[in-house]
Amino acid sequence: MFENLSERLSGVFDRLTKQGALSEDDVKTALREVRVALLEADVSLPVARDFVKKVQDQATGQSVLKSITPGQQVIKIVHDALIDTLRGEGDPGALKIDNAPAPILMVGLQGSGKTTTTAKLAKRLTEREGKRVLMASLDVNRPAAMEQLAILGTQIGVDTLPIVKGEDPVAIAKRAKTQAALGGYDVYMLDTAGRLHIDAELIAQAAAVRDVANPRETLLVVDGLTGQDAVNVATEFDDKIGVTGVVLTRMDGDGRGGAALSMRAVTGKPIRFVGLGEKMDAIETFDPERIAGRILG
Ligand code: GDP
């Protein structure tokens with residue numbers, strides 16, 4: 001991932017380090033190129049602008065320009081600014097699941113990777129934290145999606161709520177809650193219905209389920225390959241439902257990476273996890289240092 005952005009930036013930085021002594025204008029020219037590279041990687045304009053301004057204020061100071069390795073110093077400033085832009089507060093991987101049974105609401109558009117991510121997280125909670133997890137699919141319009149969650153559950157050894165035909169999402173959420181309490185589960189995960197676009201019905205349904213489950217974690221799953229669209233989807237879901245974090249999927253693909261950089265800055269919501277493939281282990285806690293390192297190549 002980020003290959004294009006990395007290549008562009010390493011070109012800019014190569015020139016900068018080869019130059020030796022740097023003037024303020026040299027740095028400004030380089031940062032203009034950084035801005036273009038960010039925009040081409042689908043980073044939103046205000047984020048790219050703020051980012052470059054932040055770097056410029058630090059990088060054109062005398063201590064940098066007069067240092068022995070000004071190019072290296074500028075790169076370090078860019079690196080630190082990337083981490084600063086990406087980082088949320090606290091540990092992104094620490095889910096608030098202290099009061100058993102703790103509900104986790106999973107929301108997102110159809111095809112974003114929501115069901116896969118639900119199962120990946122359930123597996124992680126089971127294996128790494130020793131939690132007993134119950135998963136339930138609320139996608140009553142797509143029986144195949146409900147089946148898919150059940151199949152994944154069998155595959156990873158995590159229980160799913162039995163499917164009852166004709167039940168509506170709120171009733172399923174209530175049944176999941178009761179079953180989780182009676183069955184001694186630590187966590188129950190509600191995989192809500194997705195649609196191709198955000199519409200009133202999707203939002204109304206997710207809100208009704210939220211009100212029944214009262215989750216402390218509402219995770220929005222978005223496709224990291226969709227760049228700026230991913231950020232727009234996140235803004236809208238957060239406005240309407242309220243989310244506690246974002247999972248960016250398909251970060252194994254050759255996306256342009258801008259979604260990661262803009263997400264936190266535009267929505268104010270932290271990226272909590274990244275999906276890195278189709279396999280059930282292909283998920284990582286979001287690590288700003290690692291992403292910054294990948295961006296800088
Ligand atoms: P949903 O409609 O949002 O529930 O999406 P699914 O969970 O069914 O995922 C749609 C497709 O994307 C499936 O083929 C998944 O295997 C795939 N997928 C999900 N997450 C990732 C990821 O992080 N990387 C890749 N490469 N594929 C993913």
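Atoms within a ligand are numbered from 1 in the order they appear, just like the ligands themselves. Index from 1, following the sequence.
- Counted within 6.0 Å of NZ on K76, heavy atoms from surrounding residues, nucleotides or ligands total 12 or fewer; the atom is thus considered open.
- Using a non-hydrogen distance threshold of 4.0 Å, R142 registers as a contact of ligand 1.
- The distance from the OG1 atom of T85 to the CZ atom of R264 is 10.5 Å, given to the nearest 0.5 Å.
- Counting heavy-atom neighbours within 6.0 Å of L182 CG, excluding the residue itself, gives a total above 12.
- Given atom 2 (O) of ligand 1, the protein heavy atom at minimum distance is G111 N, 2.7 Å.
- The CG atom of D80 lies 8.0 Å from the CD1 atom of I77; values are rounded to the nearest 0.5 Å.
- Close to ligand 1: G277, with a non-hydrogen atom less than 4.0 angstrom away.
- Residue pairs meeting the side chain to side chain donor-acceptor pair (under 3.5 Å) criterion with at least one member in residues 214-231, sequence neighbours excluded, are D98-R216, E217-T244, E217-R272, D223-R250.
- Close approach of ligand 1 to K114 (heavy-atom distance below 4.0 Å) involves ligand atoms 1 (P), 3 (O), 4 (O), 5 (O), 7 (O).
- Shown here is R210, whose CZ atom has more than 12 heavy atoms of other residues, nucleotides or ligands within 6.0 Å.
- At the shortest separation from atom 24 (N) of ligand 1 among protein heavy atoms lies D252 OD1, 2.9 Å.
- The pair K114-D139 does not count as a salt bridge, with every side-chain nitrogen at least 4.0 angstrom from each carboxylate oxygen.
- Of the protein's heavy atoms, T116 OG1, 4.3 Å lies nearest to atom 13 (C) of ligand 1.
- For D26 and S23, the side-chain atoms include at least one donor-acceptor pair closer than 3.5 Å.
- Counting atoms of ligand 1 from 1 in the listed order, those under 4.0 Å from a heavy atom of L109 are 3 (O).
- At the shortest separation from atom 27 (N) of ligand 1 among protein heavy atoms lies E278 CG, 3.5 Å.
- Within the listing of ligand 1, atoms 23 (O) sit less than 4.0 angstrom from a heavy atom of G275.
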Using atom types as modelled, flag every donor-acceptor pair under 3.5 Å from a side chain in residues 197-209 to any protein atom, sequence neighbours excluded.
from: D199; atom 1: OD1; to: E201; atom 2: N; distance (Å): 3.3
from: D199; atom 1: OD1; to: L202; atom 2: N; distance (Å): 2.8
from: E201; atom 1: OE2; to: R195; atom 2: NH2; distance (Å): 3.3

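- The shortest heavy-atom distance from G108 to ligand 1 is not under 4.0 Å.
- Within the listing of ligand 1, atoms 23 (O) sit less than 4.0 angstrom from a heavy atom of L276.
- For atom 12 (O) of ligand 1, the nearest protein heavy atom (residue, atom name, distance) is R250 NH2, 2.6 Å.
- Geometrically, ligand 1 and T115 share a nitrogen or oxygen pair separated by less than 3.5 Å.
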Verdict with reasoning, K54 to D50, per salt bridge (Lys or Arg N to Asp or Glu O under 4.0 Å): CA-CA 6 Å; K54 189 158 52 175; D50 287 357; over 6 Å; no

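- Under the 4.0 angstrom criterion for non-hydrogen atoms, V274 is not in contact with ligand 1.
- For the 3.5 Å distance criterion, the side chains of R124 and T285 qualify, holding a donor opposite an acceptor.
- Residue M106 does not touch ligand 1, judged by heavy-atom distances below 4.0 Å.
- The nearest protein atom to atom 8 (O) of ligand 1, hydrogens excluded, is given as Q148 NE2, 3.2 Å; this is a heavy-atom distance.
- Under a 4.0 Å heavy-atom criterion, M251 is not in contact with ligand 1.
- For atom 5 (O) of ligand 1, the closest non-hydrogen atom of the protein is G113 N, 3.1 Å.
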